[in-house]
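Report on the following structure.
Note on naming: letters A, B, ... go to the chains in the order of the sequence lines (proteins, then strands), and numbering restarts at 1 for each one.
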Amino acid sequence: MSAPSSIDVGYVAQLARLKLSEEETRRFQGQLEQIVRYIEQIRRLDVAGIEPTAHAVDRSNVTRDDAAAPSLSSEEALANAPVRANGLFMVPKVIE
Amino acid sequence: MELHEFTVSEAAATVRRREVSSTDLVRALLARMEALEPALGAMLHWDAEAALAEARARDAEPPIGPLHGVPIALKDNLSVKGQFCSCASRILQGYRAPYDATVVEKLRQAGAVLLGRTNMDEFAMGSSTESSVICPTRNPWDFERTPGGSSGGSAAAVAARESFAALGSDTGGSIRQPAAFCGCVGLKPTYGRVSRYGLVAFASSLDQIGPLARDAQDAARILHAISGPDPRDSTSLPDAPPDFVAALGRGIRRLKLGLPREYFSGGMDADVEQAVRAAVRVLEGLGAEAVEISLPHTEHAVAAYYVLATAEASANLARFDGVRYGRRAENPADPLEMYGRTRAEGFGAEVKRRIILGTYVLSSGYHDAYYLHAQKVRTLIRRDFRQAFERCDVLLTPTTPSPAFKLGEKIQDPLQMYLADIFTIAANLAGVCALSLTCGFVEREKKLPVGLQIIGPWMGEETLFRVAGAYEQASAWHKEAPLG
Amino acid sequence: MNYEAVIGLEVHVQLRTRTKMFCGCENEFGAAPNTRTCPVCLGLPGALPTPNHAAIHLVALTGLMLGCEIAPRCKFDRKSYFYPDMPKNYQISQYDLPTCRGGGLEIMRESYPKDAQKKVVAGRYIRLVRIHLEEDVAKSFHFETASGIDFNRAGTPLMEIVTMPDLRSPEEAFAFLSTLKLVLLYGGVSDADMEKGQLRCDCNVSVRPVGQEELGTKVEIKNMNSISGVRRALAYEIERQTEMLRGGGRLTQETRRWDEAAGATFAMRGKEMAHDYRYFPEPDLLPVDTAAWLDDVRRRVPELPLARKRRFVEMLKVSDSNAGVLVADCALADWFEKAVKDVTNTQGVANLVVNDLLRELGAAGKGVTESPVAPEALGALVALTDAGRISSSQAKEVFVEMFRTGRAAAEIVTERGLEQVSDAGAIGKLCDEVLEGNAPIVVQIRAGNAKAVGNLVGQVMKLSKGKANPAMVNAVLHRKLGL
């Protein structure tokens, strides 16, 4: 198995919508390279034929009935909004 | 005996007998907090009037549940309707939850009074409570040291007798490690035992809420109150909680105690190992039998954990974007800038690092190499535990490789901080239950507690309590208190 | 050089459930903004999703109707991308284990646009790639300098149907969507109203020289809000791409937005950052084993429009075009089936339904379920004509009166004295009277002009005020004239 190329903090931070300063990017780059080197050890383990585990419980079909429950009032829903107007959550203009 | 020195069991009993009121208890703890908080930093916020009002309401009615009138503190990542829930982060500044977590509803049904909110590592990411943006919490045994984390505020508050007990959350050791560092009992339940509804998610497939308490009996009482199926959490298990308190006195004759070889192969302080081995001998003396077992994939647990936990966290923390709640950067020109600056200004360094790591391991080209691979390692680790529990009833390990470390000691070295969780992480990956209790003290500059970790099988909490109960019967460590 | 278009669709269908996909908020169109939200669908910290099994069943039902393979185990995944209309900045969707795979849909002839019936290629079968379940996003309103978000729609169940690139023209895409919509309505899966956004469609379209195997550069078109809009957008885009290639230009793979008012597509500016959706299994939701309930859903599979049409033509002797009209509206076809229950002349019923009932309903602005004439009552009317008690033209008159008053056919016939006179004695008398008064015509007839009998029949009918049975009048006159 070939080693994956190392982490590009600038690119990944953009994916994660974190606008890092240059200083932060540099610092994280060093720290995360070290961490990535550490986690790379799992790749030494042969996992051929092993099923992945996504959940800590082995159950399925846990669903709910299609029955209505009370909603929040518009006032409650908007109470924490940083910017609101006319019953809407406001954001800078979205350009399509 | 002063009121703040009560255990949960004692507090509940005296309120029930109407020897003291819930209001008296709340006042005593508030006074304790007023006195200690400026230096300790265990609590993030509390509403004295609200707590007293709840206490007065309990005092005015006949007991409604087993925790009637008993004040309990909550980690600041649990939703309580109308209360701040900051997760010790700038990004949730000003956010008040409009709903109650299931555990909060259950505590109230049991009659408990909500006391205040405990400090934590930001979004539960850390092992020292130093990543809290408000202030670090200090270890009540030595103010130069950390209380552990991420539920460091809960552990310190309980150890310092600011609260009889507290709820914490444990994703990779965040209840057990601070319990060990502060000399409390801390329990991470079986995944699914306690509903996560209302717990601000760090890593959803690993998170569990659990108690931090003075002794095993208190932990059992609180676990009983907060356990059980919840239709609002699809991953909660259908089992109703058994009588955990009854299990405490059941004895441990012929119980098989597994000592995982990989945990005792160096890498821990000599005096910590000594304390743990001494505890094993005490349990053997009570009729249990120690056997060596193996958890062969242990060495990969930390790496697999940091892949899976950060991957889930990167998605869980995407919702903090300044649109619906929390803090938004000022005057962003467009949504992209709003996201970038809000999140850069709102999250601290450790949270950012983990979001970046988690984003990276899921990103195109790396997903299979890291994320998928780690999921398979998780399968192997679960298998290790399944096989171990075919041979023994519980596993015994130290909770941490060393006692509480110093403030600032690891904060500049994230990887060293991650490795502080080396003994606790596997239980979360497997989903099994685990409890930490004090099994001795070691001398550094000051006297520091050492934690013994008891790991039980899935839904095996009763066995944990049998062992913990028997051990506390035979020892007095849990009676020691810091700060006089 | 001639070019051909290659089109694939991603159809998003809002499911008809009472509540949202992962919480108990009502799934309802048109409520005041942000009044149908809760901690779950607002993505508040700590809230957890719980899946609505009715929505999962509707997706499986759709899969069964469209001949898909239903996965024995499916699961939910998180699809990460940031957008203000997305509460959690990840969408709960299905990635590698969707509920349905494969399958397809035969386009109905009636589904093609009226002006393109000549272009119909019979029996076109469009293959599907997959059908999966996800949650819808919120609705955005764009103002001068800001956008406002209403989260009522956020978290409502949304089904995505992905076709293979099997479509070859805008008309075919139109027809596919029309047939699909009909199937969805038959299954009660969705109200599928494009104007309400209940059926939304993204088109992937490319052009290539006829005969070339390899696909051209693909363009995705968004924002069409009617099936005819899809047709127009595709026609515009195919023309644009073809012109571009003819002019020696190169196409770029991009997403374009259909502007209905301008009648043109425009490149979208908003999505300049590369996407990396970082799918992983949703840790808050456990897998779904379909075998546990699939048989229950199988029992809900209805007879599909195409099969129903074939049955109407073959078993009920309805004309192809009438059958097409009937099955195009499930309620109308249901109404028709009730009307023919005890009637042998099913064609007569079909004619009255397709011509007269639809005309009256249209004029009254009513749907078939609001018809003042019950299906059984229409059946009874047709039974009267079959028994020869009224003529078919009288039946049409009676029907109008039934529709106006809601009264029974027999009652109207009696009251208006419409019943035909079939009494041989009475008809004989009338004939005698007419023969007496028309001696010159009788002479002509006897001289060999047999056609002139028609004149006499008309006079007898007039004398009877139209009530005489015309066939009997004809027969009696012939006998009396010795013909």
Point-to-point distance, once rounded to the nearest 0.5 Å, from [atom1] of [X] to [atom2] of [Y]:
{"X": "B/Asp233", "Y": "C/Leu285", "atom1": "CG", "atom2": "CG", "answer": "10.0 Å"}
{"X": "B/Tyr197", "Y": "C/Asp284", "atom1": "OH", "atom2": "CG", "answer": "11.5 Å"}
{"X": "C/Leu44", "Y": "B/Tyr95", "atom1": "CG", "atom2": "OH", "answer": "4.5 Å"}

Among the listed options C/Pro84, C/Cys23, C/Ser80, the residue most often paired with chain B at heavy-atom distances under 4.5 Å: C/Pro84

Largest heavy-atom contact set with chain B, pairs under 4.5 Å, which of C/Gly43, C/Ala146, C/Gly46: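 Answer, by heavy-atom pair count under 4.5 Å with chain B: C/Gly46.
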
Compare all side-chain heavy atoms of [X] with those of [Y] and state whether any distance is below 4.5 angstrom.
{"X": "C/Arg78", "Y": "B/Asn316", "answer": "yes"}
{"X": "C/Pro45", "Y": "B/Cys87", "answer": "no"}
{"X": "B/Arg196", "Y": "C/Leu48", "answer": "yes"}
{"X": "C/Leu42", "Y": "B/Tyr325", "answer": "no"}

Which answer fits [X], side chain, backbone, both or neither, if we ask what part of it has an atom under 4.5 Å from a heavy atom of chain C?
{"X": "B/Ala101", "answer": "neither"}
{"X": "B/Ser195", "answer": "neither"}
{"X": "B/Ala311", "answer": "backbone"}

Neighbour count >12 (heavy atoms, 6.0 Å) for atom CD, C/Glu254: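 Check passes, neighbour count above 12.
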
Results of side chain to side chain donor-acceptor pair (under 3.5 Å) for C/Glu220 - residues two or more places apart only: C/Lys222

Grab the two heavy atoms, one from [X] and one from [Y], that are nearest each other, plus how far apart they are.
{"X": "B/Tyr339", "Y": "C/Tyr83", "answer": "OH-C, 2.9 Å"}
{"X": "C/Pro281", "Y": "B/Gln375", "answer": "CG-NE2, 3.8 Å"}
{"X": "B/Tyr191", "Y": "C/Pro283", "answer": "OH-O, 4.3 Å"}
{"X": "B/Tyr99", "Y": "C/Pro39", "answer": "CD2-CG, 3.5 Å"}

Residues of residues 78-86 of chain B near chain C, each having a heavy atom less than 4.5 Å away: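 Residues of residues 78-86 of chain B touching chain C at under 4.5 Å: B/Ser79.
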
C/Asn34 and B/Arg324: side chain donor to acceptor below 3.5 Å: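 Distance-only check fails for C/Asn34 and B/Arg324.
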
Test item: side-chain donor near acceptor, C/Arg278 and B/Tyr371, under 3.5 Å: no

Taking side chain as everything from C-beta outward and backbone as N, CA, C, O, which of these in [X] sits under 4.5 Å from a heavy atom of chain B? Side chain, backbone, both or neither.
{"X": "C/Thr50", "answer": "both"}
{"X": "C/Tyr90", "answer": "side chain"}
{"X": "C/Phe22", "answer": "neither"}

Chain C contacts, top residue of B/Leu199, B/Leu92, B/Leu206 (heavy-atom pairs, under 4.5 Å):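 Max contact count across the listed options: B/Leu199.
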
For chain C, the option from B/Arg319, B/Arg232, B/Glu312 that forms the most heavy-atom pairs under 4.5 Å: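 Counting heavy-atom pairs under 4.5 Å, the top option is B/Arg319.
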
Side-chain donor/acceptor of C/Tyr277 to backbone N/O of B/Ser364, under 3.5 Å: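 Side chain of C/Tyr277 to backbone of B/Ser364, a donor-acceptor pair under 3.5 Å: no, none is there.
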
